[in-house]
Amino acid sequence: MAFFDKLGEMAKTVSEKANDSLETNKLISDINLTKGNIQAYQRELGEFYWAKFAVGEQLEEEAMLICDKIVAAQDKIRNLEAQIDQIKAESEARKAEREAEKAERKAAEKAAEAEQAAEKAGIEKDPVPVCAECGAVLAEGQKFCGFCGKPVGK
C-alpha cells in the first residue's frame, strides 16, 4: 500500500506543479500583454505631441528637444536615401556604358568577319569606316560617331 500512497503523492505533486506552471505562464502572458499596451499608449502619446509639433505649437523644452532629434533623424534618412539613389544611378550608367562597349565590340567583330569572308571569296570591298578618335565602326554617311560623339573626319 505504501507504494501506491507514494505514487499518489507524486501524482499530486506533479499535478500541482503543472497547475502552478500554467497559472504562472498565464500571469506572465498578461504581464507581456500589458507591457505591449503600455508601449502602444506611449506611441499614441508621442503621436499626439508630434502632431502638435507638426502644426507649430510650442511644446515644453524637453518635448521640443525630442522632436528636434526626430527631425534630424528624418533629414539623415533623406540624405542616406539620396546617396543610395546616386549609387544606383552611377551603377546604371556604368552598366549602360559596358553594354555600349560590348555592342561596339560585337559590331567591330562582325565587320571583321565580313571583311575576312569577302577576302576569302575574293571580293574587293571598301574598307570599313571607323572613328579616328575611338575606333568605333561607322555607318556610311554618318557625320558624328555614335559612341564618342566626335565629328567624323573625311
*Are Phe48 and Trp50 co-members of a hydrophobic cluster defined by side-chain heavy atoms under 4.5 Å apart?*
yes

*Distance from Asn79 atom CG to Ile84 atom CD1, nearest 0.5 Å?*
11.5 Å

*Under the salt bridge (Lys or Arg N to Asp or Glu O under 4.0 Å) criterion, do Asp20 and Lys17 qualify, and how do the steps go?*
CA-CA 5 Å; Asp20 289 348; Lys17 285 184 178 181; over 6 Å; no

*Once you round to the nearest 0.5 Å, how far does CD of Glu101 lie from NZ of Lys106?*
14.0 Å

*Would a 4.5 Å heavy-atom cut-off, applied to side chains only, mark Tyr49 and Cys67 as touching?*
no

*Supply the atom-to-atom distance Asn37 CG to Asn32 CG, rounded to the nearest 0.5 angstrom.*
11.0 Å

_Salt-bridge contact Asp85-Lys88 (side-chain N to carboxylate O under 4.0 Å)_ = no

*Is there a side-chain contact between Cys131 and Val152, using heavy atoms and a 4.5 Å cut-off?*
no

*Validation row: Glu23, Asn19 side chains within 4.5 angstrom (heavy atoms)*: no

*State whether the number of non-hydrogen atoms from other residues, nucleotides or ligands found under 6.0 Å of Gln74 atom CD is greater than 12.*
yes

*asked:* Tell me the closest heavy-atom pair linking Phe147 and Ala136, and the distance in Å.
replied: CB-CB, 4.0 Å

*Are any non-hydrogen side-chain atoms of Met64 and Gln58 less than 4.5 angstrom apart?*
yes

*Flag the pair Phe53 / Val71 as yes when at least one side-chain heavy-atom distance between them is below 4.5 Å, and no otherwise.*
yes

*Between the side chain of Ser29 and the main-chain N/O of Asn25, is any donor-acceptor distance below 3.5 Å?*
no

*Would you confirm whether Ser91, through its side chain, and Ile87, through its main-chain N or O, come within 3.5 Å as a donor-acceptor pair?*
no

*Would you say the side-chain atoms of Gln142 pair up with the backbone N or O of Phe144, donor to acceptor, closer than 3.5 Å?*
yes

*With rounding to the nearest 0.5 Å, note down the distance linking NZ in Lys102 to NZ in Lys95.*
11.0 Å

*Mind checking side-chain contact (heavy atoms from CB on, under 4.5 Å) for Glu90 and listing every partner two or more places apart, or none if nothing turns up?*
Gln86, Arg94

*What distance do Ile28 atom CD1 and Lys35 atom NZ have between them, rounded to the nearest 0.5 Å?*
9.5 Å

*To the nearest 0.5 angstrom, please state how far the CD atom of Glu61 sits from the CD1 atom of Ile66.*
11.0 Å

_Side chain to side chain, Tyr41 and Leu45, heavy atoms closer than 4.5 Å_ = no

